[in-house]
Amino acid sequence: MTRLGEREISPDTIIYFPRGLVGLEDKREYVLLPVKEEKSPFLLLQCVTDPGLGLLVADPYAFLDDYDVKLENPERKTLKITNVRQVAVLVTVTIPQNRPENTTLNLQGPIVINTEERLGLQVPQTDGEYPTHFRPIVS
Amino acid sequence: MLILTRRPGESLYLGDHIKLKILSVQGKQIKIGLDVPDDMTVYREEVYLKIKEQNRQALESSQQDLLAAAALWQSLEPKK
């Protein structure tokens with residue numbers, strides 16, 4: 001059971017977050033579910049053990065060309081990253097209630113995933129280079 | 001809250017594995033060096049609170065708004 005209704009989840013799609021997410025440290029196992037059938041940059045990061053816990057996330061590169069996430073060595077180690085091709089980046093999305101046109105991407109707390117090892121980590125970016133809120137939909 | 005006074009160059013141990021060293025004091029800024037285990041997270045408070053709040057917001061979006069935002073994006077399609 002997920003926020004999007006009942007979904008079949010195969011155990012080999014589970015992504016393990018050894019440190020949970022910021023503010024959700026005791027929730028460690030998630031799967032990524034598409035929000036819609038068609039191709040969309042929006043995904044739901046659904047906690048496997050808590051059906052009510054699903055974060056809306058997006059592929060930032062669908063909106064931005066130059067978004068660099070800085071990973072320190074301990075973070076690389078936690079994620080067991082040996083090759084840049086293993087890395088996927090997601091950002092959390094905020095949709096103000098009833099104002100989807102004001103949707104923002106939260107660039108300061110990207111979620112980095114090692115797609116081969118199926119490990120995830122939220123990596124706060126501290127250099128302040130990016131705005132916390134980026135509005136992808138300009139109407 | 002435990003309050004201790006330290007001078008630049010002096011350190012504190014929090015348990016066996018965390019060392020906190022006051023490196024320098026310049027006006028209102030204090031430079032702190034931290035030796036912590038690799039698996040321990042260290043966040044600036046304002047960054048931690050902001051991301052925690054954003055995670056909460058990402059949890060709260062309604063199904064309806066979610067689909068509406070996805071639809072809006074689709075109708076716009078990025079430039080590239």
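Chain letters run A, B, ... following the sequence lines, proteins first and then strands; every chain starts at 1. Predicted model only: the values in this text are computed from it and were never measured.
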Would you kindly confirm whether [X] and [Y] end up in one hydrophobic cluster when ILVMFWY residues are joined by side chain heavy atoms under 4.5 Å apart?
X        : Y       : value
A/Ile111 : B/Tyr43 : no
A/Val123 : A/Val84 : no
A/Leu56  : A/Tyr67 : yes

(request) Using non-hydrogen atoms and a 4.5 Å limit, figure out which bit of A/Pro18 sits close to chain B: side chain, backbone, both or neither. (result) neither
(request) Using the side-chain contact (heavy atoms from CB on, under 4.5 Å) rule, pick out the option among A/Leu24, A/Leu21, A/Val22 that qualifies with B/Lys52. (result) A/Val22
(request) For residues 99-120 of chain A, pull every pair meeting ring-ring contact (aromatic ring centres under 6.0 Å, His included), keeping only residues two or more places apart or in separate chains. (result)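 Pairs touching residues 99-120 of chain A that pass the test: none.
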Determine the minimum heavy-atom distance between [X] and [Y], stating which atoms define it.
X       : Y        : value
B/Val47 : A/Pro124 : CG1-CB, 3.8 Å
A/Gly52 : B/Leu59  : O-CD2, 4.5 Å
A/Thr94 : B/Gln54  : OG1-O, 4.5 Å

(request) Check side chain to side chain donor-acceptor pair (under 3.5 Å) between A/Gln122 and all other residues, then give those that pass, not counting sequence neighbours. (result) B/Asn55
(request) Answer with side chain, backbone, both or neither: which region of B/Tyr48 has an atom nearer than 4.5 Å to a non-hydrogen atom of chain A? (result)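 For B/Tyr48, backbone and side chain are both near chain A.
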(message) Once rounded to the nearest 0.5 Å, what's the spacing between atom CD1 of A/Ile95 and atom CD of B/Gln57?
(response)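 Between A/Ile95 CD1 and B/Gln57 CD, I get 11.0 Å after rounding to 0.5 Å.
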(request) Find the distance between CG (A/Asn106) and CD (B/Glu53) and round it off to the nearest 0.5 Å. (result) 9.5 Å
(request) Mark yes when over 12 heavy atoms from residues, nucleotides or ligands other than B/Gln29 sit less than 6.0 Å from its CD; otherwise mark no. (result) no
